[in-house]
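Below is one structure, written out as structure tokens; comments come after it.
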Amino acid sequence: MGAPGGSPPGEVRARERALGVVLLALGGTISVPGGARGARLSGAEITAAVPGLAELGVPLDVRDVHAVPSGSLTFAQVLDVVAVAARAVADGTDGVVVTQGTDTLEETAFLADLVWPHEKPLVLTGAMRQPATAGADGPANVLAAVRVALAREARGAGALVVFNDEVHAARWVRKTHSTSTATFASPNTGPLGHVVEGRVRMLLAPPRHEPLSAVCDRERLAAARVALHVVTLDDDGAQLQGLERTHRGLVVAGFGVGHVPDVLAPRLGALTEHMPVVLTSRTGSGSVLRHTYGAPGSETDLRRRGLIDGAFLDPYKARVLLRLLVAAGAGRKEIAEAFALRG
Ligand code: GLU
């Protein structure tokens, strides 16, 4: 309840401050005007079409950063965006929302999460349906994202993906469907929270870790090339030939609990002499194991050969973490520790 005669003084002060929300627009379906042609919608046009947003009474500082499909975003661009968002929060802004395409959102959100230094969350969202289509989901997602960015309850949770009135931890969220508006899910944990009748309800608090150093040097990032190899039936590893000459790290998306064909195991072991090799599962949820099976190509065999345990991280997120670590110049021990902590 408010104090007699109105809101408590703290609330009044917060409203007087009224620094508002910074919204950084990066393109994606939420900005596609319809049809195959035409200029993308600007951030201002996207927010103008959100019913109920103005009624929140929160000043919006909308900035057009990139206008691209999310598949064209780079690590350097995402880290630059995070730096802008972090500066805005350091300057006292009430919250930051990023709109972008959904295709790489699970990767960009995790990259942002790894380096995000603040208690206030960095909230990422987008849309599955173009703005001019029936039932376009962009407006609802933006409104929910702004609410989460402002919510005290969402603090300390790092980067969050808000979509379909659900709040997901960047660390666990996956794009699970090519067209559904309910595409974002966290198979290992479920959503951290929900937006219900406009109210942010957080049910879980993800563990937070020290932010990693955000390597924004484009040359170092470009040089930290990390490959992802999805293991398939009867895979002879031909794709891995010469990898040590072109890449500085490898993520293996193995079968089930982290297995590969026996013929592949020595090749992967040999690669660990040249670069960190991280073992993950291609299944989409669950963790790789550490010491349950012992056949050649099993998780025990691969760990003995020097592969690093990716634990619960899916292959795409493991690749994001490994690339950031390699770009920062981390050694094998540091990399193994980082995966033990965050995997
Ligand atoms: N789904 C695409 C993305 O993730 C949208 C493509 C586009 O914006 O043209 O960005």
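All ligand and atom numbering here is 1-based and tracks the order in the structure.
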>> Are I46 and L26 linked, directly or through intermediate hydrophobic residues, by side-chain heavy-atom contacts shorter than 4.5 Å (ILVMFWY only)?
In response: no
>> Can you give me the closest heavy-atom contact between K120 and D94, atom names plus distance?
In response: CD-O, 3.7 Å
>> Within the 4.5 Å heavy-atom criterion, are T272 and L307 side-chain neighbours or not?
In response: yes
> Do the non-hydrogen side-chain atoms of E244 and M275 ever get within less than 4.5 Å of each other?
Replying inline: yes
> Any chance the side chains of H291 and E299 put a donor and an acceptor closer than 3.5 Å?
Replying inline: no
>> The test is side-chain contact (heavy atoms from CB on, under 4.5 Å); show your working for V142 and V97 and say whether it passes.
In response: CA-CA 8 Å; V142 169; V97 172; 5.6 Å; no
What does the contact table look like for ligand 1 (nitrogen or oxygen on each side, cut-off under 3.5 Å)?
unit_1	atom_1	unit_2	atom_2	d
ligand 1	1 (N)	D103	OD1	3.4
ligand 1	1 (N)	D103	OD2	3.2
ligand 1	4 (O)	S70	OG	2.7
ligand 1	4 (O)	T102	N	3.1
ligand 1	4 (O)	D103	N	2.8
ligand 1	4 (O)	D103	OD2	3.3
ligand 1	8 (O)	R40	NH1	3.0
ligand 1	8 (O)	R40	NH2	3.2
ligand 1	9 (O)	R40	NH2	2.9
ligand 1	10 (O)	S70	N	2.6
ligand 1	10 (O)	S70	OG	3.3

